[in-house]
Amino acid sequence: MSLIQAIFLGFVQGVTEFLPVSSSGHLAILQNIFGMETDGGLLFDVMLHVGTLFTVCLVYRKDIWKMIRETIFMIRDVIYNLKTFFKNKRFDEALRYRRVVHNNYRKFVLLVIVSTIPTGIIGYVGRELISFASTTLIVPGVCLFLTGLLLILADICEEGTKIPRDIGYSNAFLIGIAQGLATLPGLSRSGTTITACLLSGFDKRFAVKYSFIMSIPAILGAAILELGSIGQETISASMVTNCIVGALVAAAVGYVCIKTMLVVVRRKKFKGFATYCFAVGIVAIAAHFMNF
């Protein structure tokens with residue numbers, strides 16, 4: 001893999017990870033049509049994930065810091081309540097318990113955890129199917145077409161007002177299922193989860209925030225799984241350079257794309273992305289049957 005290819009793939013990853021057009025679908029299509037393979041591909045994929053993960057953390061650093069802080073406080077309160085429970089039992093007292101989930105950020109943390117559970121299960125159980133699907137053109141093509149339909153649905157659904165305190169854990173679980181299904185190449189993770197959030201009545205700005213923050217454990221988990229599969233790859237100086245450059249490009253482009261998505265969702269301008277997904281999906285499906 002040349003440095004130009006690394007820059008190009010980093011650009012594709014940064015654009016398609018955060019805009020609702022599916023990064024995995026585009027990379028699968030590029031690999032199948034143009035035969036673009038990466039030397040030490042798993043390591044390069046991990047570094048692209050690291051780049052996009054850094055972008056999410058940078059854009060939402062204030063929210064993430066508050067969520068980390070509130071998680072620590074929740075653990076403290078849970079421990080206090082456990083001690084209180086045993087003290088009440090032992091000494092027949094009636095000491096009061098602390099309310100663990102009493103603000104939006106604590107609820108936000110729990111919602112993300114609930115969403116991550118089905119995503120992790122689906123991603124782990126279906127990893128071989130997902131890997132096989134990436135070797136074809138028909139699956140990314142069909143899934144891109146489905147992404148287009150989801151984006152049209154996002155455009156026409158009613159505006160919601162829900163913020164964490166108004167959202168049920170069942171909503172979070174269903175959105176986690178949507179994110180798990182979006183591991184299929186061509187089914188946009190951001191497009192699928194943002195649509196699921198909007199259909200659940202989320203406030204538009206919070207829908208984007210929730211979609212991208214809930215991607216952190218998903219991206220991190222995918223990176224760890226890929227890292228475990230690298231094995232004894234020979235790592236050259238040029239490979240390290242390509243990985244670093246690809247990650248930096250993915251991070252920089254991803255930053256711009258997250259900011260773009262905030263505007264897109266606020267104005268509900270998904271139709272252009274839907275049209276693009278339909279077009280690329282049709283091309284991929286046609287290419288599949290031409291090569292069949």
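Just so it is clear, the structure is predicted and the values come from calculations on it, not from any experiment.
For the atom pair CG of Leu181 and OG1 of Thr119, the computed distance is 9.0 Å after rounding to the nearest 0.5 Å. Considering CD1 of Ile152 and OG1 of Thr147, their distance stands at 11.5 Å, rounded to 0.5 Å. In this structure, CG in Leu58 is found 9.0 Å from CD1 in Ile64, a value given to the nearest 0.5 Å. Note that CD1 of Ile130 and CG of Leu187 are 10.5 Å apart. Values are rounded to the nearest 0.5 Å.
Residues Met214 and Trp65 are members of separate hydrophobic clusters, defined by side-chain heavy-atom contacts under 4.5 angstrom among Ile, Leu, Val, Met, Phe, Trp and Tyr.
The pair Glu159-Lys204 meets the salt-bridge criterion, since a charged nitrogen lies less than 4.0 angstrom from a carboxylate oxygen. Between Lys209 and Asp203, no side-chain nitrogen of the basic residue sits less than 4.0 Å from a carboxylate oxygen of the acidic one, so the salt-bridge criterion is not met.
Side-chain contact between Arg98 and Arg76: present, with at least one pair of heavy atoms (C-beta onward) separated by less than 4.5 Å. Between His49 and Gln13, some side-chain heavy-atom pair lies under the 4.5 Å cut-off. Within the 4.5 Å cutoff, the side chain of Ile29 has heavy atoms near those of the Leu137 side chain. With a 4.5 Å cut-off on side-chain heavy atoms, Lys89 and Thr84 do not count as touching. Contact of the Val245 side chain with the Ile7 side chain is registered, since non-hydrogen atoms from C-beta on lie closer than 4.5 Å. No side-chain heavy atom of Phe73 sits less than 4.5 Å from a side-chain heavy atom of Val100. For the pair Lys87 and Leu95, the minimum side-chain heavy-atom distance is below 4.5 Å. With contacts defined as side-chain heavy-atom distances shorter than 4.5 Å, the pair Ile194/Phe270 qualifies.
A donor and an acceptor atom, one from each side chain of Ser22 and Ser188, are nowhere located under 3.5 Å apart. With 3.5 Å as the limit, one finds no donor-acceptor pair spanning the side chains of Thr71 and Tyr105. Glu17 and Thr52 are not linked by any side-chain donor-acceptor pair at a separation below 3.5 angstrom, with hydrogens and angles left out of the test.
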For residues 246-263, please give each side-chain donor-acceptor pair under 3.5 Å, one per line with the distance, not counting sequence neighbours.
unit_1, atom_1, unit_2, atom_2, d
Thr260, OG1, Val256, O, 2.8

Would you mind writing out the side-chain donor-acceptor pairs for residues 160-177 within the sub-3.5 Å range, not counting sequence neighbours?
unit_1, atom_1, unit_2, atom_2, d
Lys162, NZ, Ser200, O, 3.1
Asp166, OD2, Ile163, N, 3.3

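At least one donor-acceptor pair under 3.5 Å links the side chain of Arg127 to the backbone N or O of Tyr124. Judged purely by atom type and a 3.5 angstrom limit, Ser215 uses its side chain to pair as donor or acceptor with the backbone of Phe212.
Checked against ring-ring contact (aromatic ring centres under 6.0 Å, His included), Phe54 has no partners two or more places apart in sequence or in another chain. Looking at residues two or more places apart in sequence or on another chain, you find no ring-ring contact (aromatic ring centres under 6.0 Å, His included) involving Tyr60.
Counting side-chain heavy-atom gaps under 4.5 Å among Ile, Leu, Val, Met, Phe, Trp and Tyr, the cluster of Ile79 also holds Ile75. Grouped with Ile156 in one hydrophobic cluster are Leu153, Leu199, the linkage being side-chain heavy-atom contacts under 4.5 Å among Ile, Leu, Val, Met, Phe, Trp and Tyr residues.
Shown are Leu144, Leu146, Ile282, Leu149; of these, the side-chain contact (heavy atoms from CB on, under 4.5 Å) with Cys277 is made only by Leu144.
Between Tyr276 and His26, a ring centre-to-centre spacing shorter than 6.0 Å is recorded. Taking the six-membered ring for Trp and the full ring otherwise, Phe108 and Phe206 have centroids separated by under 6.0 Å.
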Test side chain to side chain donor-acceptor pair (under 3.5 Å) on Tyr210 and Thr193; report intermediate values, then the result.
CA-CA 9 Å; Tyr210 190 80; Thr193 54; over 6 Å; no
